[in-house]
Amino acid sequence: MNNIKEKSRIEDIDRSIYDIKDEEHDAFRMEEGLTPEIVEKLSDEKNDPEWMRLFRQRSLRIYNEMRIPDWGPSIDGLDIDHIASYVRPNTKMQNDWKNVPQDIKDTFDRLGIPQAERKSLAGVGAQYDSELVYHNVKREVAAEGVVYTDMESALNSEYADMVRKHFMKLVTPNDHKFAALHGAVWSGGSFVYVPKGVHLSIPLQSYFRLNAKGAGQFEHTLIILDEDSSLHFIEGCSAPKYNVANLHAGCVELYVGKNAKLRYSTIENWSKNMYNLNTKRAVVEEGGTIEWISGSFGSHVGCLYPMSILKGNGSKMEFTGVTFAGNGQNLDTGAKVVHVGENTSSYMNTRSISKDGGISTFRSSVVVEKSAKGAKSSVSCQSLMLDSQSRSDTVPVMDIRTKDAAVGHEAKIGSISGDAIFYLMSRGMSEEDARALIVSGFADNVSKELPVEYAVEMNNLIRLEMKGSIG
């Protein structure tokens with residue numbers, strides 16, 4: 001008889017690599033809450049130029065005037081008055097790994113950041129709480145004129161005018177309440193500029209780690225690709241679990257130039273006390289391409305809908321996503337595309353998996369403007385529920401304003417086939433292994449698009465989630 005206790009529920013999963021909490025040796029922690037004085041203190045701490053000080057205060061006023069959206073999952077457990085908007089770790093940013101403080105270095109070592117950098121990345125940024133603590137770019141990449149730095153450095157550098165021209169112009173503080181919050185208290189994040197004609201063959205990566213209890217992380221990512229350039233940018237996120245709410249309300253703005261191509265990959269494995277309310281948006285010029293690869297596995301509540309504006313003629317968008325919602329999780333994810341230019345095309349392909357009472361909702365929005373003649377759009381979403389307690393919904397929205405367009409939507413919701421389980425068990429597999437294999441196969445079209453380390457992580461996570469799952 002097998003005496004080994006099977007992992008049967010989400011709480012039993014070994015998340016030890018993520019859940020180790022470092023002792024908090026903050027150099028500075030902003031008091032909880034949100035007031036003009038706190039925002040002004042943040043501007044002092046960040047040495048903001050005058051325009052940014054005014055921008056933060058205007059965003060705060062907009063935040064106070066706006067209501068929380070009345071749709072989507074409940075965020076009643078989130079109390080902004082008890083969230084610290086800024087926590088500075090006890091270190092300055094380093095570009096030599098050996099100079100990073102040992103406790104922070106240990107955290108990122110466990111997560112594989114230095115190894116990934118040595119193997120296959122053109123540049124790495126590591127953010128711990130509210131600040132980048134490490135940043136490095138390979139010499140040959142910098143020699144091509146590629147700029148990859150932290151947002152604060154960019155804000156006070158020769159690229160200051162470029163930052164000011166683009167910062168929160170795609171995602172404005174007026175978009176929604178948490179965009180306004182971001183505009184008021186943002187800190188950290190990455191600035192990337194790829195010059196005309198430069199094609200990076202290896203990716204850049206940012207990793208965001210929130211260690212502080214009861215804190216928020218509000219990093220800002222701004223990427224600008226000039227004409228005929230290309231880049232793969234990878235973003236990873238994690239946090240240890242606490243018994244109080246943490247908030248992630250970052251912002252990503254992507255500018256894809258004429259005939260340029262950007263692939264933006266995100267693997268989010270936040271702990272299950274996290275409210276993940278991120279906003280991401282791209283604008284694509286003539287002949288350009290934006291590819292989104294998205295994996296959502298963590299957080300208590302997630303609201304994430306990357307948006308693409310296909311502005312130029314012949315511009316393209318692809319969105320590939322997988323969501324895994326387990327016990328205590330309500331993950332509301334999807335994508336939005338707006339076709340503006342002629343002969344533009346978009347394709348969304350998603351997989352969502354829910355078990356142990358998890359709730360997974362996929363929202364898609366396709367807008368084809370009157371000007372977007374010859375537009376093509378296809379949306380395919382498939383959902384797999386692993387038990388009778390779980391829930392999966394699809395909410396497609398289409399707004400088509402020209403007859404000269406081809407738009408399609410396909411949705412499938414179902415459960416694991418008993419016949420398939422029986423067949424695999426007849427070939428010698430255990431029921432758990434059979435279920436895990438079927439779910440991994442279901443998510444395969446997404447995992448094969450991920451960088452190899454993250455694809456392995458995703459498949460390991462699915463195996464752990466599936467242990468002892470009885471549908």
Are the side chains of [X] and [Y] in touch, meaning some heavy atoms are under 4.5 Å apart?
| X | Y | value |
| --- | --- | --- |
| Ile293 | Arg263 | yes |
| Gln382 | Leu384 | no |
| Arg56 | Trp186 | yes |
| Tyr264 | Val252 | yes |
| Val395 | Thr361 | yes |
| Pro173 | Met168 | yes |
| Ser153 | Leu155 | no |
| Leu310 | Val338 | no |

Given Ser346, Ser308, Ser371, the one that forms side chain to side chain donor-acceptor pair (under 3.5 Å) with His339:
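The passing option is Ser346.
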Can you name the salt bridge (Lys or Arg N to Asp or Glu O under 4.0 Å) partners of Asp175, sequence neighbours left out?
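Arg281.
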Could I get the full list of salt bridge (Lys or Arg N to Asp or Glu O under 4.0 Å) partners for Arg164, not counting sequence neighbours?
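Per chain and number, Arg164 pairs via salt bridge (Lys or Arg N to Asp or Glu O under 4.0 Å) with no residue.
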From [X] atom [atom1] to [Y] atom [atom2], the distance as rounded to the nearest 0.5 Å:
| X | Y | atom1 | atom2 | value |
| --- | --- | --- | --- | --- |
| Asp48 | Asn156 | CG | CG | 8.0 Å |
| Ser354 | Asp393 | OG | CG | 9.0 Å |
| Ser365 | Arg363 | OG | CZ | 11.0 Å |
| Tyr255 | Lys311 | OH | NZ | 10.0 Å |
| Ser377 | Met317 | OG | CE | 7.5 Å |
| Ser190 | Tyr148 | OG | OH | 4.0 Å |

Is it true that Phe167 and His220 have ring centroids separated by less than 6.0 Å?
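Yes: the rings meet the under 6.0 Å criterion.
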Can you say whether the rings of Tyr193 and Tyr159 are parallel (under 30°), tilted (30 to 60°) or perpendicular (over 60°)?
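Tilted: the ring planes of Tyr193 and Tyr159 meet at 30° to 60°.
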Please verify the inter-ring angle class for Trp71 with Tyr305; under 30° counts as parallel, over 60° as perpendicular, anything in between as tilted.
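Tilted.
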State, without any angle test, whether Ser392 and Ser383 hold a side-chain donor-acceptor pair at a distance under 3.5 Å.
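The answer is yes; a qualifying pair exists.
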Flag for His182-Thr279: side-chain donor and acceptor within less than 3.5 Å
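Note: Thr279 and His182 side chains miss the donor-acceptor criterion.
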How far apart are the closest heavy atoms of [X] and [Y], and which atoms are they?
| X | Y | value |
| --- | --- | --- |
| Trp292 | Met307 | CZ2-O, 3.7 Å |
| Thr323 | Ser360 | CG2-OG, 4.1 Å |
| Leu170 | Leu254 | CD1-O, 3.4 Å |
| Thr394 | Cys381 | CG2-SG, 3.5 Å |
| Cys251 | Asn278 | N-OD1, 3.7 Å |
| Lys46 | Gly188 | NZ-N, 4.2 Å |

Does [Y] offer a backbone N or O that forms a donor-acceptor pair with the side chain of [X] under 3.5 Å?
| X | Y | value |
| --- | --- | --- |
| Ser315 | Gly312 | yes |
| Ser390 | Lys355 | yes |
| Gln329 | Gly326 | yes |
| His300 | Gly328 | yes |
| Gln57 | Pro36 | yes |
| Lys261 | Ser230 | no |

Just jot down the ring-ring contact (aromatic ring centres under 6.0 Å, His included) partners of Phe178, sequence neighbours excluded, or say none.
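With neighbours one apart ignored, the set is empty.
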For a side chain to side chain contact (heavy atoms under 4.5 Å, CB included) check, start with the C-alpha distance between Leu200 and His232, then their side-chain angles and the critical distance, and finish with the verdict.
CA-CA 8 Å; Leu200 271 71; His232 182 191; over 6 Å; no
Run the side-chain hydrogen bond (donor to acceptor under 3.5 Å, both in side chains) check on Ser229 and Asp226 step by step: do they pass?
CA-CA 6 Å; Ser229 63; Asp226 213 329; over 6 Å; no
Mind running side chain to side chain contact (heavy atoms under 4.5 Å, CB included) on Val368 and Asp399 for me, showing each step along the way?
CA-CA 6 Å; Val368 180; Asp399 181 357; over 6 Å; no
The test is side chain to side chain contact (heavy atoms under 4.5 Å, CB included); show your working for Thr289 and Val256 and say whether it passes.
CA-CA 7 Å; Thr289 301; Val256 182; over 6 Å; no
Please report the C-alpha distance between Asp44 and Arg53 in whole Å, then the side-chain angles of each, then the deciding distance to 0.1 Å, and finally whether the salt bridge (charged side-chain N to carboxylate O under 4.0 Å, His left out) criterion is met.
CA-CA 9 Å; Asp44 291 341; Arg53 289 177 179 268; 2.9 Å; yes
Tell me, yes or no, whether the heavy-atom count around Lys169 atom NZ, taken from other residues, nucleotides or ligands under 6.0 Å, exceeds 12.
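Counting other residues, nucleotides and ligands, NZ of Lys169 exceeds 12 neighbours.
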Checking Leu231 against Leu225 for the side chain to side chain contact (heavy atoms under 4.5 Å, CB included) test, could you report, in this order, the C-alpha distance in whole Å, the side-chain angles of both residues, the deciding distance, and whether it holds?
CA-CA 8 Å; Leu231 167 68; Leu225 267 64; 4.0 Å; yes
Between Lys280 and Thr221, does the side-chain hydrogen bond (donor to acceptor under 3.5 Å, both in side chains) criterion hold? Intermediate values first, please.
CA-CA 9 Å; Lys280 302 182 178 186; Thr221 299; over 6 Å; no
